[in-house]
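Here is the structure we will look at.
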Amino acid sequence: MTDKHLFSITALFDTPDEVIHAAHETSQAGYARYDVNTPYPVHGMDKAMKLKPTRLGVFSLAFGILGAVSAVLFMSWVSLVDYPLIIGGKPFWSWPAFVPVAFEVTVLLVAVLTVVTMIVLFFKFPNNSHPLHDTPYMKRVSSDKFGVSIQADDPKFNERDVAAFLKKIGGKEIASVYFDAEELITPRRLFEPKFLAILAATALIVSGATYVIFNQIMFMEPFSWMSTQVKLKPQRPSELFKDGIGMQRPVAGTVARGFIPYAFAGKPDLAGKNLVNPLPMTKEVIERGKSKYLTYCSPCHGNFGAGDSRLRGQFPNPPTLHSDKVRTWPDGNLYHVMTEGQNVMPSYAAQISRDDRWAVVNYIRVMQRAHNAKESDLK
Amino acid sequence: MGGKKELPTRVTSLGRLLVFAGIALVALGYALDPHQMVFENVIGFLLFTSVAAGAVFLVALEYIGGAVWSVPMRRVNEFLALLTLVTPVLALPMFFYLHDIFHWLHPEALETDPILAGKSPYLNVDFLIIRFVVVFVLWNGFAFLFTRNSQKQDETRDPKLTTVNIRLAAVFIPVFAITLTLTAVDWAMSLEPHWFSTIIGVYYFSGTVLAALSVATYAIVRLHEAGYFPMLRRDHFYSLGALLFAFINFWAYIAFSQFLLIWYADLPEETFWFINRWHNGWEYVSVLLIIVHFAVPYFALLTQDSKMDLKRLKVMSIWILVAHLVDLYWLVMPTHSKNVSVSWTVIAFPILLVGMIIVVLSYKMKRTNLVPVGDPKLERGLSFHL
């Protein structure tokens, strides 16, 4: 027993009320170095033990403020300086969008850093041994009993007095707890090579395993029945061609399906002379032309082609379609203007298909006729 | 413990006085400016509903949650549940002025507005009255059953009645969720018939629980101080304070969620509601609401000690009830007036509410045990430790 030192004398209690009473009595009796161990938090204990409020809350508050401020600063930097993006037409600095993120970061930092602080500052990590560990006393107070342990380093400590005192306040199974002499020397072992080596090894193993899992194992194919095929893929290299490019340029002069090159680009006169309207003047064609006209032409030319649209004044006004010049134009000229554009009017070839442009020509003819109706039309 | 007790005559007559004063003020308001008063009536109706339906909910919550700490003071909520009988009566004047509050009622609006016409299968007077009747029949029915079983238990001491009430509570909770949402949609959301928020039911629910809880907390603390609840300890008060604190946070969470989703989506049919509350002086009410309904109670109830401090609890109960009133004002009033103009009529219904609470409590306390002496959980509730 020479290398064994007395750590404390312990006593067990049956109910939380009893242990609160015992803690109260112990602090009243003037003991300062003692602790209470319970299987779950017992409210009112800090008052019975006359404990000062823990300083851990101050750390939590600091971490919370740190989390909120750093989250807001980071998001502000991202959205104002590093990568300004307009999202949903909102200002760059849109604080409501920051609130959920700032809230989460705050909670995360408080939770993680408070636990780390508690372990490092209060539990003196990496020292993880305590004389009470692995004793019969600890086995009971971590399951169904409540315990008080008065330590030997208390200035008032006297082995016989303390045992008698604990018995007096209702304690049962009074026992002494010893610890080895080598445990007595407990300097901070944060920079001990063994600890640092284990820390480094843990970091390496965890990050290595994470890398392998997320970059290798997750992309292993259990089977590749049809997902891998020998075929050309757009934007991918290919060994089939000499230049190694998968997506080859079409042969010169290739024409896309359904696309006929316009033969009279820049030659309105020739277009007027040579182009023939392929569509008949039927009701369906006129309806089709009307629909396209109202969609694409009416914003400038007006609903009836008089050049009196709602955009009047905001752009140079288009001339009326009822002038003698336009009325006497052959169909080909009208088609040419739609295809190529004229003055400020751009080409509509991309918006209106070839056949639809001819249908619009027919509809314009209908409007011109209606605008200059003859007596005989009224019949 | 137990036994039927009477409130001092001074308090009872104050209650009666407040009820008469409240009714007189409401009548005067209707006589002077019915168009203004009917909106105050909507606010008052929602305020009464909050306390009444919230009290029934708190009773059901205790049963379904198997809570023991609240058993000794459950009767206060059972008594307040009687307000579900009073609330529909107070709603009656509104039905004479429905045309003033509901834009969807105007036939010329329905003719020209395809959106309103599309909503008319739900938003029409007949269905509104049906919903109103069904909702209050359900609430009164459940309140009656809960209190009847609980009071029967005082004599029979039959633990089976607790089981019956637990089953009732299991039915009531989903019924409550639907009925309270209907109430919020009918009387708060449909004031702006083009606007919609799928979270409005939860939003009103968070305020409802707060209102009922703050009334119950104030009543319990006051009764404890006056010697009616000598057996309550700080553990009980801490639990009340913690529940208040939790729902303060819940309200803020829901209120911000509603704002964030509408702000983010930025759809004109939703945003105009918030834009109306951010102009012509309403922006001050909006900011005030955040401070009064969240920031102040949050910090006032944050620490452990403040939840056990009886004086703090009393002050914060009144504060939160007033905050709920501001919340309802903010919810309803912008429909009535583009500018903030607080009229004296705003106090009529709160005065009536305070009077009604006193009258209902004194009426029930005379006839019913203040503590559910037959409840099998009472012993554990009395020796409740945190």
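Just so you know, these numbers come straight off a predicted model, no measurement behind them.
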More than 12 heavy atoms of other residues, nucleotides or ligands under 6.0 Å from [atom1] of [X]: is that the case?
X: B:N339; atom1: CG; result: yes
X: B:K338; atom1: NZ; result: no
X: B:L267; atom1: CG; result: yes
X: A:K50; atom1: NZ; result: yes
X: B:H194; atom1: NE2; result: yes

Please classify the contact of B:Y238 with chain A as side chain, backbone, both or neither, using a heavy-atom distance under 4.5 Å.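 Contact with chain A is absent: no heavy atom of B:Y238 under 4.5 Å.
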Nearest 0.5 angstrom please: A:F103 CZ to B:Y253 OH, how far?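 Rounded to the nearest 0.5 Å, the CZ-OH separation comes to 7.5 Å.
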Give me the atom names and distance for the closest heavy-atom approach of [X] to [Y].
X: A:P100; Y: B:L260; answer: CG-CD2, 3.7 Å
X: A:P96; Y: B:F256; answer: O-CZ, 3.6 Å
X: B:D266; Y: A:G88; answer: OD2-O, 4.1 Å

